[in-house]
Structure formats: C-alpha cells, structure tokens
There are 2 protein chains.
Amino acid sequence: MKKKKKNENSSKIFKYHDHEACFGDAITLIEDYFIEKKLQLTPLRRKVFEILIEDHKPLGAYEILDKLGKAGFSSSPPIAYRVLDFLMEHGFVHKVQGLNAFIACSNPEHSHFPTFVICRKCEKVAEVSDDKTRLNLSSPEITDFKIEKTTIELTGICSTCENAEIR
Amino acid sequence: MKKKKKNENSSKIFKYHDHEACFGDAITLIEDYFIEKKLQLTPLRRKVFEILIEDHKPLGAYEILDKLGKAGFSSSPPIAYRVLDFLMEHGFVHKVQGLNAFIACSNPEHSHFPTFVICRKCEKVAEVSDDKTRLNLSSPEITDFKIEKTTIELTGICSTCENAEIR
DNA sequence: CATTACATGTTATAACATAACATAATTGTA
DNA sequence: TACAATTATGTTATGTTATAACATGTAATG
C-alpha cells in the first residue's frame, strides 16, 4: 500500500486523521505535561496511554488489562483502574459512560467539558471540541450550582452506517 | 407538622415541589399514555414506576429489586432491567449514567434530551428541561450524524453542600 | 379456542469496579 | 548516605451492575 486510505468512513465527524502524527504528538504532549507537573510517567502509565492512543477508540478496562498482560505487565483489575483514574484526573483519558469504556483525550487543551459522538452501529467515537457543541451552562436554573465535570454523549448513527442500513 | 417544610435545600435547582401532586400527575400521565399507545400498564410496570416516582431520586436496579421483593414481586435482576428498559423506551424513566441509577422522568413532554444536574455530595439530582440548557446540536461537525439519544449530566456541588464544606 | 405476541419467572454467568492490605520504587531531607 | 515520607504497583478477594438463555404464564387477535 503506497498511501494510507484517505477515508474509509465518509462521515465528516469520523474523518481521517494522520494517526502517526497524532500518536507522536500525544506522547510528546503527555511527556511535557508530566515533566512540568513533576509527575511520574512510569512505564505502566505510559503503556496504558499508548494502548489507548494506538487504538484510538474506547476500550474497556478489561481489554486494556489484556493488552497490559500481553505486554508483560501485571493485569489484575486495580492496575488498570488506578492508572485510568490517574490519567483521567490529568485530562489525558476520558470515560465514555455509554460504553463503560475509556478513550485517550484528543484535545491538547485538555478541555474539561468534552462532548462525545457515538455511532451505535460501528461504535466509532469522536470527541468534539467543546466550542463546537456548547451547552448553555449559564442558565439561571443552574447558577447556584458549581459544575465540576460534565458528561455529554450524543448517541445515534453516522451517515455511513445509516446508508448501509436496510430498513 | 402543619405544613410541609418549604425547602430544606436552599439551592434553587433542587427546589421544593409538591410531591403529592407530582405523584398523582405522573400516574395519570402514564396511564393515559399507555391507553393511548395500547400498552399494558401491568402491576409490575406500575409498581416500578411508582417506586421511582415515590423516591423521586435515582435508584439502582438492585434497590428497585429489593423494593419489588418487599412488595411481593419477583426480584431476580432481569425483572427490573426489563421493566426499566421498557419504561425508558417510552420516556418515563431515564438512566443517570454517572450513578448507574434510574430516575422517573419529571418532564411531561417526554423530552428525549434531558439534562441532569447531580450534586456529588448530597447526590441530589435535578432534571433540567432541555430548553434551559441547550446544546448547540447544529454544529457543522455533526450534521451528518443522526442523534437518537443524548446523555447530558452536569456533576458538581450544589450551593447548600458547598456552604457546608469545611475546606 | 387456537394462535401469536407479549410479559414474567428462573438460573446462571458475564462484565464492570473497588476494598483492603502488601510490597517496592522514588523523593525529600537530616 | 540513610532515613522517613510519599508515591506507585502488586495481589487477593469481593462487591456491584447487567445480560444470556430458556421456561412459563397471560393477553389480544382472528
């Protein structure tokens, strides 16, 4: 194959992106962040992040554990959950609640208010930057409530899968 | 007690509401809906809905099962999950993903795009009507994606709990 | 009153997540 | 360097949430 296929999926939202560049950028980003914050980017943490970046789709904790095991790491459940919690705290991983799965954050600015678009058929997931789909969080009803975290997930069907559906 | 306490919680979002009226209204609403749609509002389904309306807060499936058991119904897991799925399909129950819990829908219009505001301390949950906090769903990035369901949950701390916090 | 669809019952197990405690590595500091 | 404190990982056990698969019962339709 001379060149990568430009786009297997015609949906704009799941559009092609340069994965090698993405991977390298993400690693650099997390390395710099950890140095700056004086955190330990241990082999385990790095591996978990790499697994998620490589797959570039949501993985269940036990899928991650399998991959850790195959890579020679311990693979008892708390290992994965602890590292995932840690990476989530620092914005490098998000949990996709609708899938009980975890995905590497694709937003270098570490938005705390990510929006996920999830196709229920192909299970592709896109993280949409929060300035694109924005909640009106200034509603008077919620002014005396301090939002610390948001879960915004839009589930449906992408145009590719819809076109393929018979019904 | 002569009159109900007006408001134990000062947060506007978790404001007082007339629970007896709410309960009656909700039952009438579901009865009418089931008749209109020619669905069976069986004793089991009615009971599950009543349990959720009475508590008026999110309950886990196994909490619901306990209450079903105490009321003389079968209490094996599929019982609850099946009825909850059914009630969710028809918009009378929502799942609060952040709590793995289920709550009766408080919106007579059965909005398919509910927003939940969840206090992480007192675990109170408010359903905010979707015209109050609205996502910009017309973003060009998601125009070729058909949204069927949304999960919008705002987790944080309500003013009552924040005032009570020491730190 | 039979047939079909719908609803519930039951057993077993899958999938997801954490508690509690042990050990090891790293960092700060006397 | 040696010590203490903190941070990170390892391990066992168990808790919690959810579904598969199949059996039985009940209601609606022709």
Side-chain angles (χ1 to χ4, degrees), chain A residues 30 33-52 58-90 92-103 120 123 151 153, chain B residues 30 33-52 58-90 92-103 120 123 151 153:
Chain A
I30 196 172
Y33 178 93
F34 271 58
I35 290 167
E36 195 210 315
K37 298 266 178 169
K38 298 187 175 166
L39 301 169
Q40 301 178 49
L41 185 55
T42 60
L44 178 62
R45 287 171 179 169
R46 176 185 283 265
K47 185 69 192 174
V48 170
F49 186 66
E50 284 176 0
I51 287 168
L52 289 171
L59 294 178
Y62 283 71
E63 290 179 273
I64 294 165
L65 279 171
D66 276 356
K67 288 171 190 278
L68 284 177
K70 282 167 189 160
F73 292 87
S74 168
S75 62
S76 55
I79 294 292
Y81 284 104
R82 276 192 299 229
V83 171
L84 289 167
D85 282 348
F86 183 86
L87 293 173
M88 282 194 290
E89 268 171 33
H90 294 281
F92 289 93
V93 167
H94 296 299
K95 181 168 186 184
V96 181
Q97 293 282 0
L99 302 172
N100 289 323
F102 302 86
I103 189 166
R120 64 161 160 77
E123 294 218 331
T151 300
E153 299 179 4
Chain B
I30 197 172
Y33 178 93
F34 271 57
I35 289 167
E36 197 210 315
K37 298 265 176 171
K38 298 187 174 162
L39 301 170
Q40 301 178 51
L41 186 55
T42 61
L44 179 62
R45 287 170 180 170
R46 176 185 284 265
K47 187 67 194 176
V48 170
F49 186 65
E50 284 176 0
I51 287 168
L52 287 171
L59 294 178
Y62 284 73
E63 289 179 274
I64 294 166
L65 279 170
D66 276 355
K67 289 173 190 277
L68 284 177
K70 281 167 188 160
F73 291 87
S74 169
S75 61
S76 55
I79 294 292
Y81 284 104
R82 274 192 300 232
V83 171
L84 290 168
D85 282 348
F86 183 85
L87 294 173
M88 281 194 290
E89 268 169 34
H90 293 282
F92 289 94
V93 167
H94 296 297
K95 181 168 186 185
V96 181
Q97 293 282 357
L99 302 172
N100 288 323
F102 303 86
I103 189 166
R120 64 163 160 75
E123 294 217 332
T151 300
E153 299 179 5

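Labels below follow one simple rule: chain letters A, B, ... track the order of the sequence lines, proteins then strands, and each chain is numbered from 1. Excluded from the calculations below are hydrogen atoms, water molecules and symmetry mates; all remaining heavy atoms, backbone and side chain alike, are included.
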Atom OH of Y81(B) and atom C1' of dA18(D) are separated, to the nearest Å, by 5 Å
What nucleotide, of dG9(C), dA27(D), dA18(D), holds the atom closest to the side chain of Q40(B)? dA27(D)
L84(A) has an atom CG; how far is it from atom C1' of dA8(D), in whole Å? 15 Å
What is the distance, to the nearest angstrom, from the CG atom on L44(A) to the P atom on dA25(C)? 14 Å
What does F73(A) touch in the nucleic acid at a heavy-atom separation under 4.0 angstrom: a base, only the sugar-phosphate, or nothing? nothing
By nearest heavy atom, map Y62(B) and L39(B) onto DNA chain C; which one lands nearer the 5' end? L39(B)
Reckon K38(B) touches a base, only the sugar-phosphate, or nothing at all at heavy-atom distances under 4.0 Å? nothing
Under 3.5 Å: donor-acceptor pair, side chain of E153(A), backbone of Q97(A): yes
Nearest to the side chain of I79(B), which nucleotide is it out of dT10(C), dT12(D), dA17(C)? dT10(C)
Between N100(B) and P77(B), which residue's closest nucleotide on DNA chain C lies nearer the 5′ terminus? P77(B)
Compare all side-chain heavy atoms of I30(B) with those of R45(B) and state whether any distance is below 4.5 angstrom. no
Using a 4.5 Å cut-off on heavy atoms from C-beta on, say whether the side chain of I35(B) contacts that of L41(B). no
Between P of dT7(D) and CZ of F86(A), the distance in whole Å: 10 Å
So R45(A), base contact, sugar-phosphate only, or nothing? Heavy-atom distance under 4.0 Å. sugar-phosphate
Under 30°, 30 to 60°, or over 60°: which ring-plane class applies to F34(B) and H90(B), parallel, tilted or perpendicular? tilted
For S74(A), which contact category applies under a 4.0 Å heavy-atom criterion: base, sugar-phosphate, or nothing? sugar-phosphate
Starting at CG of L99(A) and ending at C1' of dA18(D), how long is that distance when rounded to a whole Å? 15 Å
To the nearest Å, how far apart are R82(B) CZ and dG9(C) P? 8 Å
